[in-house]
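Below is one structure, written out as structure tokens; comments come after it.
Every chain is numbered from 1 and lettered A, B, ... according to where its sequence line falls, protein lines coming before strand lines. The structure displayed is predicted, hence computed values, not measured ones.
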Protein chains: 2
Amino acid sequence: MSMDFAPPKYAQVMTAIQQRIRDGEYAPGTMLPSETQLVREFGVGRTTVVRALQTLAMQGWIEREHGRGSFVKGRPEAPADRVRPGLTATEHGETAESIVSVERVPAPRHIAHLLGVDERTPVIARQRLTKQGERVSAVETFWFPLEVALGTDLDKPDPLRHGVRQHLQAVKHLRFDHVTERLAARKPTKEEADILGSTSPVLGVLATVHDAAGSVLFALSLALPGELHELEDVYSVR
Amino acid sequence: MSMDFAPPKYAQVMTAIQQRIRDGEYAPGTMLPSETQLVREFGVGRTTVVRALQTLAMQGWIEREHGRGSFVKGRPEAPADRVRPGLTATEHGETAESIVSVERVPAPRHIAHLLGVDERTPVIARQRLTKQGERVSAVETFWFPLEVALGTDLDKPDPLRHGVRQHLQAVKHLRFDHVTERLAARKPTKEEADILGSTSPVLGVLATVHDAAGSVLFALSLALPGELHELEDVYSVR
DNA sequence: CTCGGTTGCTTGTCCGGACGAGCGGCGAGG
DNA sequence: CCTCGCCGCTCGTCCGGACAAGCAACCGAG
């Protein structure tokens with residue numbers, strides 16, 4: 001009788017209590033059975049029950065009051081984090097027709113500023129597009145410092161099958177730590193307008209990707225046409 | 001000898017270890033002393049040391065690997081949450097000259113949809129502007145269902161000194177629970193363009209404010225000119 | 001040299017017991 | 001009637017011990 005991979009007992013107790021809250025057996029606002037009662041019911045030690053209750057409290061299922069009891073708060077809502085256009089772009093694979101151009105160019109001022117280099121320092125500009133059906137739905141430009149692109153395929157016009165993030169991780173063991181995004185409405189540049197086939201306003205996203213030390217690995221700039229992109233964000237204000 | 005309010009021992013152990021990480025005594029990547037060693041050093045039981053280590057791991061200070069040891073990750077960074085234009089607008093106070101108009105109007109389609117009512121249902125439209133110096137920097141329109149505005153000053157053109165959120169909380173005991181924001185680039189409407197004195201692209205924010213039951217309390221629509229507003233967001237991708 | 005078992009260190013989980021402290025009801029005394 | 005102290009219930013914290021399991025290094029057999 002080998003129950004392979006039986007979850008730890010405190011997790012079993014947690015799951016049981018969560019189920020009862022979902023089922024309405026333990027209604028919000030009501031008091032849970034006392035620790036002693038739960039010990040008897042589940043046939044485990046109090047340490048185990050307490051661990052389960054503490055974890056449930058930390059996850060927002062219940063509230064514990066010293067000397068009174070544990071009280072049901074309800075199903076905790078996941079903080080439904082928002083869309084991260086900057087990160088998403090680094091994870092998308094490429095196809096032959098999605099590549100617009102891959103060039104070595106002098107860094108424009110705003111990009112040089114983001115990368116922390118002098119204006120007109122040579123950098124690799126890798127421009128791609130994404131499609132929804134036949135329509136071009138976004139223009140993405142990556143800006144890599146030469147020392148980052150060195151030894152990678154980022155400066156070659158061949159499509160990266162698994163995206164920029166995987167490529168940098170696999171080839172140069174670079175790990176992303178955090179991303180800074182700056183978001184504003186603007187008119188598309190002439191070049192973007194040509195590719196998009198429209199001059200209507202775009203959501204401009206300027207992102208920098210950093211390593212654990214906080215250094216900028218590279219920058220990217222997205223043009224998301226307003227008619228096609230809506231970023232949704234739900235947040236708690238309790 | 002009364003040590004008033006001595007913190008629990010596991011918290012003392014946590015604080016000591018945090019201090020050593022901050023001081024560099026325990027450098028990132030290195031292994032912490034084993035639980036047994038910490039038990040000896042601090043003169044507490046292993047349960048206490050384990051509680052301290054588990055809590056530190058949950059807060060992101062260390063990582064624990066079964067059978068290997070506990071390893072320092074570093075000072076955990078607060079997840080620097082992003083700007084919430086929708087919420088901010090509900091918290092700003094008003095002045096006499098910031099009010100553009102307060103009218104009872106039939107709900108336009110997209111607003112009716114957000115509020116969950118039929119098109120052209122009468123609602124209160126409260127339009128305001130914000131300034132940076134002399135320049136109008138944003139146009140904010142609140143859309144209140146009549147039953148929400150009932151008994152409040154929201155349908156009166158007098159400035160709300162402490163903002164919409166405080167007013168609804170104080171007068172009708174309505175508590176905000178969460179906000180849903182939809183964000184896109186668009187052209188300003190004719191009306192917004194007149195007020196802003198510009199037709200350049202704006203960041204359009206459509207937000208709904210919900211109570212704990214998930215019902216929509218009201219909606220608001222912001223027009224933030226792209227040249228003046230940049231939303232910044234930093235997030236971890238580890 | 002290579003392979004596989006043994007051994008020792010580490011964390012993961014669990015138990016049963018212990019004492020303290022917050023809270024609320026109840027009854028005795030004012 | 002009100003007040004105050006006692007008591008029982010609850011959670012908060014802590015201990016020492018126990019066994020399982022992951023991992024790495026060592027060592028002998030082949």
Side-chain angles (χ1 to χ4, degrees), chain A residues 1-18 20-21 25-74, chain B residues 1-18 20-21 25-74:
Chain A
M1 258 277 286
S2 68
M3 286 268 293
D4 266 82
F5 300 128
K9 291 202 188 174
Y10 73 93
Q12 297 179 29
V13 174
M14 278 181 60
T15 308
I17 295 178
Q18 285 168 348
R20 292 178 190 181
I21 292 178
E25 186 179 335
Y26 296 159
T30 62
M31 195 174 122
L32 261 67
S34 80
E35 296 177 355
T36 321
Q37 282 176 291
L38 293 172
V39 164
R40 274 197 292 269
E41 177 181 345
F42 289 102
V44 299
R46 193 166 87 102
T47 317
T48 307
V49 168
V50 166
R51 185 106 100 85
L53 293 179
Q54 282 175 336
T55 310
L56 286 174
M58 272 188 301
Q59 295 183 359
W61 288 81
I62 63 176
E63 261 176 5
R64 313 188 73 207
E65 277 185 54
H66 194 158
R68 300 229 310 129
S70 297
F71 299 86
V72 180
K73 277 178 72 178
Chain B
M1 259 283 284
S2 67
M3 286 268 294
D4 267 80
F5 298 127
K9 290 200 189 175
Y10 74 92
Q12 298 178 28
V13 174
M14 278 181 61
T15 308
I17 295 178
Q18 284 168 347
R20 293 179 189 179
I21 292 177
E25 185 177 336
Y26 296 158
T30 62
M31 193 175 125
L32 259 66
S34 79
E35 296 179 355
T36 320
Q37 283 176 292
L38 292 172
V39 164
R40 275 198 292 269
E41 177 181 345
F42 288 102
V44 298
R46 191 165 86 105
T47 318
T48 307
V49 167
V50 167
R51 185 106 98 89
L53 293 179
Q54 282 176 334
T55 310
L56 286 173
M58 273 187 300
Q59 296 183 359
W61 287 84
I62 64 176
E63 261 176 6
R64 312 187 70 207
E65 279 184 54
H66 194 158
R68 300 231 308 133
S70 298
F71 300 85
V72 180
K73 277 178 70 179

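The distance between atom CD of A/E65 and atom P of D/dG12, rounded to the nearest whole Å, is 10 Å. Computed from coordinates, the A/E63 CD to D/dG12 C1' distance equals 16 Å when rounded to whole Å. Between B/L38 atom CG and C/dT11 atom C1' there is a gap of 12 Å when expressed in whole angstrom units. Here the P atom of nucleotide C/dT11 and the CG atom of B/L53 are 8 Å apart, to the nearest Å. One atom, CZ of A/F71, and another, P of C/dG22, lie 17 Å apart when rounded to the nearest Å. Atom P of nucleotide C/dG12 and atom CZ of B/R64 are separated by 4 Å, given to the nearest angstrom. Rounded to an integer number of Å, the gap from A/R40 CZ to D/dC9 C1' is 12 Å.
Of all the heavy atoms in B/Y26 and B/L32, the pair that sits closest is CD1-CG, 4.3 Å. A/K73 and A/P28 make their closest contact through O-CB, 4.1 Å (heavy atoms, listed as atom of the first residue, atom of the second, distance). The minimum heavy-atom distance between A/Q12 and A/P7, with the atom names listed, is NE2-O, 2.8 Å. Across every non-hydrogen atom of A/V44 and A/V49, the tightest pair is CG2-CG2, 3.7 Å.
Taking CD of B/Q18 as the start and CD1 of B/I62 as the end, the distance is 10.0 Å to the nearest 0.5 Å. Annotation: the span from A/T47 atom OG1 to A/K9 atom NZ amounts to 11.5 Å, rounded to 0.5 Å. The line from OG1 of A/T48 to CG of A/L38 is 11.5 Å long, rounded to the nearest 0.5 Å. Going from atom CD of B/E25 over to atom CD1 of B/I17 covers 10.5 Å, rounded to the nearest 0.5 Å.
Taking the screw axis at each terminus of the helix from C/dC1-D/dG30 to C/dG30-D/dC1 from five consecutive base pairs, the angle between the two is 0° to within rounding of 10 degrees.
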Full working for side-chain contact (heavy atoms from CB on, under 4.5 Å) between B/T55 and A/M58 | CA-CA 11 Å; B/T55 310; A/M58 272 188 301; over 6 Å; no
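For D/dC9, neither phosphate oxygen OP1 nor OP2 lies less than 4.0 angstrom from any side-chain nitrogen or oxygen of A/R68.
Residues B/V50 and B/S34 both approach DNA chain C. Their nearest nucleotides, taken by heavy-atom distance, put B/S34 toward the 5′ side.
Of the candidates D/dC11, D/dT13, C/dT11, C/dT11 carries the atom nearest the B/E35 side chain, counting heavy atoms from C-beta on.
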Go along nucleotides 14-21 of chain C 5' to 3' and tag each nucleotide: B for a protein heavy atom under 4.0 Å from its base, S when only backbone or sugar atoms are that close, - otherwise.
-> SBB-B-BB
